[in-house]
Amino acid sequence: MDIIRGPLRWLGTTLKLMTYNKAGFIGFLVTLAILLMALVGPFFVPLDTKTKLDKIYQPPSTEHWFGTDHQGRDIFSQIVHGGKDVIYVAAVAAFLSTFIAVTFGTLSAFAGGAVDSVIMGFTDIILTIPQFPLLAVLAAFIKLDNLTLLGVFLGLLSWPALLRAVRSQALSLKERDFVEAARALDLGAGHIIFRELVPNMMTYIVISFTLAMTAAVYTQVGLVLLGLVPVSSSNWGVMISLAWTQGAIFFRDAMWRIMMPILAIAVFQLSVITMTRSLELAFNPRLRTMA
Amino acid sequence: MTKGKLDWQMDEHQNGKAPLSLQNVHVSYATRRGKVQAVRNVTLDLHAGESLALIGESGSGKTTLGLAIVRLLPETAQISPGVILYRRDGREVDILKLDRNEMREFRWRDCAMVFQAALNAFNPVLKIWAQAWDTAKAHGWHDKEAVRRRLVELLEFVQLDPKRVIDAYPHELSGGMRQRVLLALSLLLNPQVLILDEPTTALDIITQRTIIKLLRKLKEDQGFTMIFISHDLAIAAELADRVATMYAGRIVELGASEDIFYRPRHPYTLGLIRAVPTVTGGFEQLFSIPGSPPDLIDLPSGCKFHPRCAFATDRCKLEEPELEEVGPGHTAACWHWRAVEEELQRNPLHRGVLSVLQAISFNAEEEAVS
Amino acid sequence: MSTSSTSAMAPESQGRIRSDVSTVKGLRRVADNFYVRRVAKALFTVWVVSTIIFFLIRLLPGNPIEQYIARLIETQGMDYENARMQAAALFAIDLDAPLWKQYLDYLLNLLRGNLGVSITSPGTTVTSIIARFLPWTIFSVGIGLILSFTVGILLGLMMAYRREGLLDHILTIFASVVSSIPNYLIGILLVVWLGVQWKVLPIAQMRGTLSPGVTPSFTFAFLYDALFHAFLPIVTYVLTTVGTWMLSMKGSTIGTLGEDFVTVARARGLKDWRITTAYVGRNAALPLFTQLTIAIGFVVGGSFLIETIFQYQGIGYVLSGAIAARDYPVMQGVFLIITMSVIFANLLADFLYGWLDPRIKVG
């Protein structure tokens, strides 16, 4: 029973702490809904691929919740099916860039001296190179036809700002009493990093991850929009890209076709960013012990 | 303004009336838990040329009272009921009735406040001169040359090298220097009243001595009207003509410096004096007042000091004593002030007062030598 | 710099130890100088970026030169030697020389401003393309950034002073929403709503950088026309960045309002306006200058998509065209110039910061 009760209590505390910030909690719920829709939705909503000439560009109705596109296909089903890939690529990229940022950011803060100077010097240089053009130029001669590869590629280039933030966070932790105490007791680097630092940086790591995801969604959809990523599946980015290249954005009736994927991305970004406010509370060790 | 000499002016046109009179002043803060009664029923006259010390533990309301006089309390604070009368050149105003701009003009020109945290008292991105010039301009003094001359005089007075300080940024000065600059700046507009909130706290001992000497000079040579807020009794003993002890937002004892330190009549004042560590005495004799200051939201009944008081009786739990005359110009708010007097006769103040006196005589010697 | 470096080489011959010491001291003072350090860092970054680009172009498998050679052989039926020669001419690189010499030549060419020739429009140098299109990007991005920074700071200050009020709540929601929507989506939304659905703006006429027949001159008509065409990109830059500035400034101002020097300034009887601007505002805005570094790169990087969406012919528009047409010399040159602009803008931001915060020059 304890095996179940422990995690349940953990979940209960987490949820309770998250409700302390109302906006953050709403963001969390919406994020959850979008994730459910994107990951589970496709099993319930079949993708509408049939061309129906009599139903071109219909506004939303009870039959077609989000209206229909230029071939009379249901937009809602496309939105449901178009989230998976976007979220997958973003998650891969976010995982990689958070991993790089946390590892090297902490290393930089704790090693200090020459290691710190080299890492920060390098980070500063990468940071000044405008990311989006760099990705676009690189994408021009590296074929990114695989989703995982695209994610890795985005992750490898989007860590510098995060690293700087992680480093300054680690620096302030380094000065705290409990870390000083652990060092004075000579508990070893492993103990200090995994027992003292990581739990205290958890908030930060989780938030870094979510923010890295939104950054990855941004670049990913941008690259798709420019036609630089030959991803064949239909996803939100591709939907906007097609609407754009086909000139649908200048066509009054095509509004729902353009607005829906834009809304999907915008709502996803907004809710994830808002969610971080609640995450901040939920992963705060001080609040956790109080609750 | 005469050149080379500081132009202090004592107001002689007051017809003996105090420049500052506090009548029945209350300050409270609205918080989520309830109303914090930070200052209650304070009535006090500050006479021209006198220096008054407000002493008490932290949370006794002394800083709040100081801030109330210049109305710099946070927005959640409310000063009412109460009247704070200010008199200059035969005119009399209630500070609490001044409008925004009148209040702004009153600050620093009539009443300057030197803060505890002088380390951060200056805008880090402006040079000292620019901040002095800002102050002068805000009060309609637009003669740049004269302001500069005055600032140079004042910096010399606080024993700083004007050439070094005037064009320096705050971060280029040490903590003690900044405190002295703030003191100099507080005299810029020749205010009638000076409020000093813990003027020596957080400074090293040598800098403390320097500041105390300067303040003494201000008091003795120039006859400045000053209020000291301090938890350090030694400083109060050295600088004050009169002392007011505050407890739980009220003045519980008020009298001449000598009376307070030699003949305290309120158990709290007595406790404070006995709690002063001595240079010679061992720490086993060190006395401390039992308990901690009361919760200002939920004050005890009767005399607010009764839970911590060795003299307390049932009466103290029920009725709150008012200030009553216990000697010439000496008042105390205690039902049992006579018991305190008897206790003092049985058990004279040796350690505590001695140390305070030592500090005074030490300083006097120093003064004599220099 | 030049005088101190010559004297640094001379002291031995002068045979005076004292002058040696003072020269070293002088040199150290120069090297410790805030501005000198920043310029050195910027130059170093430019060098690193150019080096990275060189090796990407020359050494990466499937690098642009090889791809171009392969394309020439395939499409024009050229033999390998001829194709290679043409590629070398286009990229301004001597492919037969040893790599270090190629690298040196490349750096020297950069210094001379020789970035090669465009593939798609033969005979046009990359430098001339940059000279023609870059000013428009600087114009629109510069105005956008300055406008959004200023407006963001003012609104953030106002939000902090009226926090928890209705205005604060509305502006906070607005700032959160606009700062989380990707800028190109805001661009598309502007086209869809202002141009197509509501027809408030003549989208088609606003394309390009100038109307036909208008030539650059110091006239009001020219300025008006330039702003007319840059209007949508500028609005997009402002909308997508202003939220971040507002929220940062609000937080920073609330922190500054609690500082002792603000209380002391009030005790000194300063006028509210002076306290708000020189005491609260200036100190609260300082941390935002450090964020400017990231923002400049982001906006310049993003301008590339925005210009494509609005068909605004700046350097980003050229870059997306070059990428689509695989015009490698243009890609390389434009990317380099975009990076250099960002570095330069950062340098300016640093100088401004150093000028505003006297503490920074010491530490």
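Protein chains get the first letters and strands the later ones, always in sequence-line order, with residue 1 at the start of each. Just so you know, these numbers use all the heavy atoms, side chains as well, and skip hydrogens, waters and symmetry mates.
The two residues B:Trp108 and C:Ala267 have their closest heavy-atom pair at CE3-O, 3.1 Å. Between B:Pro124 and C:Pro358, the shortest heavy-atom distance links the atoms O-CG, 3.5 Å. Considering every non-hydrogen atom in both C:Lys271 and B:Ala138, the closest pair reads N-CB, 4.2 Å.
Proximity to chain B (any heavy atom under 4.5 Å) is shown, for C:Arg266, by both the backbone and the side chain. Neither the backbone nor the side chain of B:Leu189 has a heavy atom closer than 4.5 Å to any heavy atom of chain C. With a threshold of 4.5 angstrom between heavy atoms, C:Leu356 approaches chain B through N, CA, C or O but not through any side-chain atom. Neither the backbone nor the side chain of B:Leu67 has a heavy atom closer than 4.5 Å to any heavy atom of chain C. For chain C, no part of B:Arg109 is nearby; none of its heavy atoms comes within less than 4.5 Å. Neither the backbone nor the side chain of B:Val70 has a heavy atom closer than 4.5 Å to any heavy atom of chain C. Within the 4.5 angstrom heavy-atom criterion, atoms from both the backbone and the side chain of C:Arg268 approach chain B.
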Audit row: B:Val125, C:Tyr279, side chain to side chain contact (heavy atoms under 4.5 Å, CB included) steps and yes/no: CA-CA 8 Å; B:Val125 299; C:Tyr279 286 68; over 6 Å; no
Test log, rule side chain to side chain contact (heavy atoms under 4.5 Å, CB included), inputs C:Leu270 and B:Arg107: CA-CA 9 Å; C:Leu270 299 197; B:Arg107 291 179 187 143; over 6 Å; no
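Counting only distance, with no hydrogens or angles, the side chain of B:Asn123 and the backbone of C:Ala278 share a donor-acceptor pair below 3.5 Å.
The local environment of CZ in C:Phe344 is sparse, with at most 12 non-hydrogen atoms from other residues, nucleotides or ligands closer than 6.0 Å. Atom CZ of C:Phe231 is surrounded by 12 or fewer heavy atoms from other residues, nucleotides or ligands within 6.0 Å.
At a threshold of 4.5 Å between non-hydrogen side-chain atoms, the residues B:Phe122 and C:Asp260 do not count as touching. Side-chain contact between B:Phe115 and C:Thr263: present, with at least one pair of heavy atoms (C-beta onward) separated by less than 4.5 Å.
Using a cutoff of 4.0 Å between basic side-chain nitrogens and carboxylate oxygens, C:Asp272 and B:Arg104 are not scored as salt-bridged.
In this structure, CZ in C:Phe261 is found 9.0 Å from CG in B:Leu126, a value given to the nearest 0.5 Å.
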